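Note that the structure is predicted; figures quoted are calculated from it, not measured.
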Amino acid sequence: MTAAPPSRAQEIIRAKREGAALDGAQIDAFVRGLVSRSWSEGQVAALAMAICLRGMTRAETTLLTRAMAASGQRLDWSRESWPGPLLDKHSTGGVGDKVSLLLAPILAACGAVVPMVSGRGLGHTGGTLDKLESLPGLSATADRATLMRTLRDAGCAIVGASARIAPADRRLYAIRDATGTVESLPLITASILSKKLAAGVQRLLIDVKLGNGAFCTRPDEAGALAESLVAVANDAGLPTRALITDMNAVLGTSAGNALEVRESLAFLTNRAHEPRLLEVTLALCGQLLQQGGLVASPADGEHRARAALDRGDAAERFARMVAGLGGPRDVLARGEALLPRAPVQRPLPSPRDGVVGAMDTRTIGLVVIALGGGRARAGDAIDPSVGLSDVRAVGARVARGEPLAVVHAASEDSVDPALRSLQAAITVADHAKPLPAVHALVQA
């Protein structure tokens with residue numbers, strides 16, 4: 001395969017290396033080279049490093065986002081007549097983050113249409129598609145006919161991105177991951193938004209996670225990412241807001257694919273609402289319903305979302321979505337029994353009386369990976385049954401010997417290392433500082 005013309009590629013790399021702003025023609029040439037592979041991996045890596053070190057202006061980042069979105073197929077919903085606004089949510093990732101499984105059917109029950117293009121887990125954060133596919137028969141790789149039919153019937157569909165959606169991002173991300181340039185704010189912004197622009201939704205809300213289990217561990221990092229995403233998305237023509245939410249503890253009471261689906265079923269059927277998970281979910285729903293014009297204010301949206309949850313309407317929408325994607329048709333009645341269960345379950349006892357004082361949430365996510373429930377590298381196989389359940393919340397009072405969490409493992413050999421890591425990751429103290437579930441709203 002021939003490399004890009006030396007003058008063109010090298011001039012673009014040199015310009016960014018020297019701190020110049022790239023124009024539309026230069027960015028388009030780079031994105032075309034990504035897709036056609038006329039830019040070598042070395043050339044792509046060199047420009048990615050130059051961007052990482054020198055940055056990009058807001059205008060440059062918008063140009064890059066638009067070019068990457070246009071590098072492949074774009075979903076066009078305008079030829080169809082839909083009963084409500086097309087809404088979507090994206091999370092920057094965390095541990096136990098099962099909000100998409102709840103939010104999509106709640107929004108659908110409130111009159112929205114939610115074609116949610118989601119991803120798989122990588123690193124210490126879990127992936128929504130892996131969680132859904134722990135249900136037997138369900139495939140999140142849906143063709144257009146299945147997607148349309150499911151959206152018509154359920155009002156929501158959580159599916160994976162086709163390889164034809166933003167192919168420039170697919171190649172660029174793989175090279176960034178191998179060259180230490182994942183942390184570049186402009187490249188993160190373009191990567192997230194290019195896929196959302198290509199998905200063709202009308203309104204977007206981004207859940208930027210902040211804390212020791214998130215990509216952004218400091219408030220200034222989360223604020224900068226949220227502001228970049230909101231500014232560039234709106235500049236590119238997609239009305240977008242961001243909520244910065246907390247990830248200093250497992251969200252909910254479980255971490256691990258089938259275990260999180262089990263918790264989601266209990267949530268949707270009103271058998272258990274972990275308070276922080278409920279607060280975050282309703283806050284996100286409230287914002288999106290107001291963005292879509294379905295309610296007058298986010299507070300009204302939260303009330304409407306809670307009513308849809310309480311009535312069982314959201315659970316019914318979830319059941320229709322699962323059936324539409326090939327999963328069990330009796331998921332509300334038998335879903336928990338149908339989910340895979342790990343053969344070994346062992347509690348982590350509290351070492352003393354006190355309260356759960358803090359969590360090293362990233363380490364907890366890595367425990368799930370070590371058990372086999374996540375991926376260290378793209379393409380790794382996962383065990384959907386393993387993970388953690390009954391995770392006690394920060395601030396919960398515990399007695400000596402009382403379980404702080406329950407480890408679900410594939411074998412006895414993997415339990416003891418998991419328990420040792422968890423013992424170090426969950427602190428029991430005399431007092432605990434309350435964790436706010438929602439930190440801030442960022443809007444244009």
Side-chain angles (χ1 to χ4, degrees), residues 85 87-112 114 116 118 125 128 156 158 192 196 201 203-211 213-216 219 222-223 225-227 229-230 233 239-253 260 263-264 267-268 270 272-311 313-315 317-318 361 393-395 434-444:
L87 309 180
D88 195 6
K89 186 270 304 181
H90 175 83
S91 170
T92 58
V95 179
D97 183 3
K98 55 201 66 76
V99 170
S100 292
L101 302 178
L102 313 173
L103 175 139
I106 292 173
L107 291 177
C110 292
V114 189
M116 185 178 286
S118 217
T125 61
T128 299
C156 58
I158 301 174
I192 292 171
K196 293 303 180 182
V201 296
R203 298 289 188 275
L204 175 65
L205 180 63
I206 300 175
D207 182 4
V208 176
K209 297 297 187 187
L210 165 62
F215 175 77
C216 297
L225 178 57
E227 288 169 7
L229 288 164
V230 169
T240 298
R241 296 176 187 170
L243 268 187
I244 300 175
T245 68
D246 191 74
M247 189 41 67
N248 283 299
V250 172
L251 188 57
T253 63
E260 292 187 48
E263 182 180 358
S264 298
F267 186 104
L268 288 167
N270 296 307
H273 294 149
E274 193 278 324
R276 290 174 74 251
L277 178 60
L278 179 64
E279 184 178 348
V280 169
T281 301
L282 293 179
L284 293 164
C285 287
Q287 290 291 333
L288 270 167
L289 290 172
Q290 197 268 337
Q291 284 177 264
L294 292 169
V295 294
S297 71
D300 290 342
E302 291 192 37
H303 290 306
R304 186 161 174 178
R306 183 61 194 257
L309 184 61
D310 290 345
R311 288 194 306 266
D313 295 350
R317 296 286 182 157
F318 181 81
T361 317
V394 171
L435 295 177
V438 178
H439 290 279
L441 169 67
V442 177
Q443 55 187 332

Between Arg304 and Asp300, is there a salt bridge with N-O shorter than 4.0 Å? no

Rounding to 0.5 Å, atoms CD (Glu302) and OG (Ser297) come to a distance of 9.0 Å

With heavy-atom distances below 4.5 Å as the criterion, would you say the side chains of Ile206 and Lys196 are in contact? no

Are side-chain heavy atoms of Cys156 and Leu107 found at a separation under 4.5 Å? no

Is there a side chain to side chain contact (heavy atoms under 4.5 Å, CB included) between Asn248 and Val394 once you walk through the steps? CA-CA 9 Å; Asn248 283 299; Val394 171; over 6 Å; no

On a heavy-atom basis, which atom in Met247 and which in Val95 lie closest, and how many Å separate them? SD-N, 3.4 Å

Pairwise side-chain contact, Thr240 with Gln291, heavy-atom cut-off 4.5 Å (strictly under): no

Hits for side chain to side chain contact (heavy atoms under 4.5 Å, CB included) against Glu227, two or more places apart or cross-chain, chain-then-number order -> Val442

Partner of Met116 by side-chain contact (heavy atoms from CB on, under 4.5 Å), out of Leu101, Thr128, Ile158, Leu87: Ile158

Quick one: pull up OG1 in Thr253 and CZ in Phe267 and give me the separation to the nearest 0.5 Å. 11.0 Å

Nearest-0.5 Å distance that lies between atom NZ in Lys89 and atom CG in Leu288: 9.5 Å

Nearest atoms (heavy-atom pairs only) where Leu289 meets Cys110: CD2-CB, 3.7 Å

Ala314 and Ala109: which non-hydrogen atoms are nearest, and at how many Å? N-CB, 3.9 Å

What's the spacing between Leu205 CG and Arg203 CZ if we round to 0.5 Å? 12.5 Å

Can you check side chain to side chain contact (heavy atoms under 4.5 Å, CB included) on Glu263 and Leu277, steps first, answer last? CA-CA 11 Å; Glu263 182 180 358; Leu277 178 60; 3.7 Å; yes

Applying the side-chain contact (heavy atoms from CB on, under 4.5 Å) criterion to Thr92, which one of Ile244, Thr245, Asp207, Leu225 satisfies it? Leu225

Indicate the atoms forming the closest heavy-atom contact of Ile192 with His90, along with that distance. CG2-CD2, 3.6 Å

Correct closest heavy-atom pair for Ala437 and Val280 would be O-CG2, 3.7 Å

Report yes if some heavy atom in the side chain of Phe215 is under 4.5 Å from a heavy atom in the side chain of Val208; otherwise report no. no

Under 3.5 Å, is there a donor-acceptor pair linking the side chains of Ser91 and Lys209? no

Any chance you could measure Asp313, atom CG, to Ile106, atom CD1, to the nearest 0.5 Å? 11.0 Å

Would you call Leu268 and Leu309 a side-chain contact if the rule is heavy atoms closer than 4.5 Å? yes

Output for pair (His439 NE2, Asp246 CG), nearest 0.5 Å, gives 3.5 Å

Over all heavy atoms of both residues, which pair between Val114 and Ala104 is shortest? Give the atoms and the distance, please. CG2-O, 3.9 Å

